[in-house]
Amino acid sequence: MEVMDASAPTHIAHRDNHTHRDVNGGWLRPAVFGAMDGLVSNLALMTGVAGGAVSQQTIVITGLAGLAAGAFSMAAGEYTSVASQRELVLAELDVERRELRKHPKDELEELAALYESRGVEPELARQVAEQLSKDPEQALEIHAREELGIDPSDLPSPTVAAVSSFGSFALGALLPVLPYLLGASQLWPAVLLALVGLFGCGAVVARVTARSWWFSGLRQLALGGAAAGVTYVLGALFGTAVG
């Protein structure tokens, strides 16, 4: 446990001892969950096909096809989703920009009332609103933050979202296929490597949660293992029925 140095200035001691996890996840959350999605979906797909007693070649082709299809689907979906969200935000910013230009006094009063509702003295709230409203771009940014809950200077990139989703999903989906590509002839090495990957992804997720790494790892291991087991049984049943 880190102990505060009593001889250090208060602000330095506070800065060094008062830290938080990255609750938004940053790059970590989408990357880990993308890899986890690829792992679970491709593992389940391959075990389902393997349950139907097909050839090794069929399992490998299925795994590679699942990797490609899933990665492209994730990338396309993420690009469309983020692009649509970005376009919506930009449209709302244009609305706010027009309001600031057409009704500057009303917008100033609105901002002052907002600060006042948060406990600032009325006179001071108006002074702050007037000061911040002198710069149109700064006023737009403040209104966007306060009214829309967004930061105009930090909008998500559809391209970055698509590329990161494609890469993380493909990486996760590659794990169950890898043993076959390296010469394995049975399903168990692919399942074992995928389960290890699931535990690792779950453990990494613990960085953005309050759970311990082993709990998150075991939880993801259990969920992914259950998905693989169920699809294997279904594949065996379907294979018997079709055969």
**Message:** Using side-chain contact (heavy atoms from CB on, under 4.5 Å), reason through Q127 and Q131 one step at a time and then give a plain yes or no.
**Reply:** CA-CA 6 Å; Q127 290 176 358; Q131 183 68 31; over 6 Å; no

**Item:** Test log, rule side-chain contact (heavy atoms from CB on, under 4.5 Å), inputs L198 and C201
**Value:** CA-CA 5 Å; L198 284 169; C201 285; 5.7 Å; no

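- Scanning for ring-ring contact (aromatic ring centres under 6.0 Å, His included) contacts around F72 gives F166, with sequence neighbours left out.
- Looking at S117, its side chain does come within 3.5 Å of a backbone N or O of L114 through a donor-acceptor pair.
- Note: the hydrophobic cluster containing V177 also contains V40 (ILVMFWY, side chain heavy atoms under 4.5 Å, direct or indirect links).
- Atom-to-atom distance recorded for L193:CG and L174:CG is 9.0 Å, nearest 0.5 angstrom.
- Of the possible polar contacts, one joining the R86 side chain to the P156 backbone as a donor-acceptor pair under 3.5 Å is found.
- A side-chain donor-acceptor contact under 3.5 Å links S165 to the backbone of A161.
- Follow the hydrophobic side-chain contacts under 4.5 Å out from I150 and you never reach L132; the two are in separate clusters.
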**V191/M46 under side-chain contact (heavy atoms from CB on, under 4.5 Å): CA gap, chis, key distance, verdict** = CA-CA 9 Å; V191 173; M46 291 175 63; over 6 Å; no

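- Put simply, CD on Q186 and CG on L192 are 12.5 Å apart, with the number rounded to the nearest 0.5 Å.
- Of the possible donor and acceptor atoms, none in the side chain of S133 sits under 3.5 Å from a partner among the backbone N and O of E130.
- None of E116, E121, E109 except one satisfies the salt bridge (Lys or Arg N to Asp or Glu O under 4.0 Å) rule with R126; the exception is E109.
- Between the OG1 atom of T62 and the CD atom of Q57 there is a distance of 10.0 Å, given to the nearest 0.5 Å.
- Listed by chain and residue number, nothing satisfies the ring-ring contact (aromatic ring centres under 6.0 Å, His included) test with Y180 (two or more places apart in sequence, or in another chain).
- Using a distance-only test at 3.5 Å, with no hydrogens or angles considered, a donor-acceptor pair links the side chain of Q56 to the main chain of A184.
- Rounding to the nearest 0.5 Å gives a distance of 11.0 Å between OG of S168 and CE of M36.
- Within 6.0 Å of atom OH in Y79, 12 or fewer heavy atoms from other residues, nucleotides or ligands are found, so the atom counts as exposed in its surroundings.
- Here the OH-CG distance, from Y232 to L187, works out to 7.0 Å after rounding to the nearest 0.5 Å.
- Once rounded to the nearest 0.5 Å, the distance linking CD of E99 with CD of E110 reads 8.5 Å.
- Checked by atom type and distance alone, the side chain of S73 never pairs as donor or acceptor with a backbone atom of A69 at under 3.5 Å.
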**Request:** Take R98 and H103 through the side-chain contact (heavy atoms from CB on, under 4.5 Å) test and state the conclusion after the steps.
**Result:** CA-CA 8 Å; R98 288 196 299 271; H103 310 287; over 6 Å; no

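- Between the side chain of T47 and the backbone N or O of A228 there is at least one donor-acceptor pair closer than 3.5 Å.
- Classification of E146 and R118 as a salt-bridged pair holds, one side-chain N sitting under 4.0 Å from a carboxylate O.
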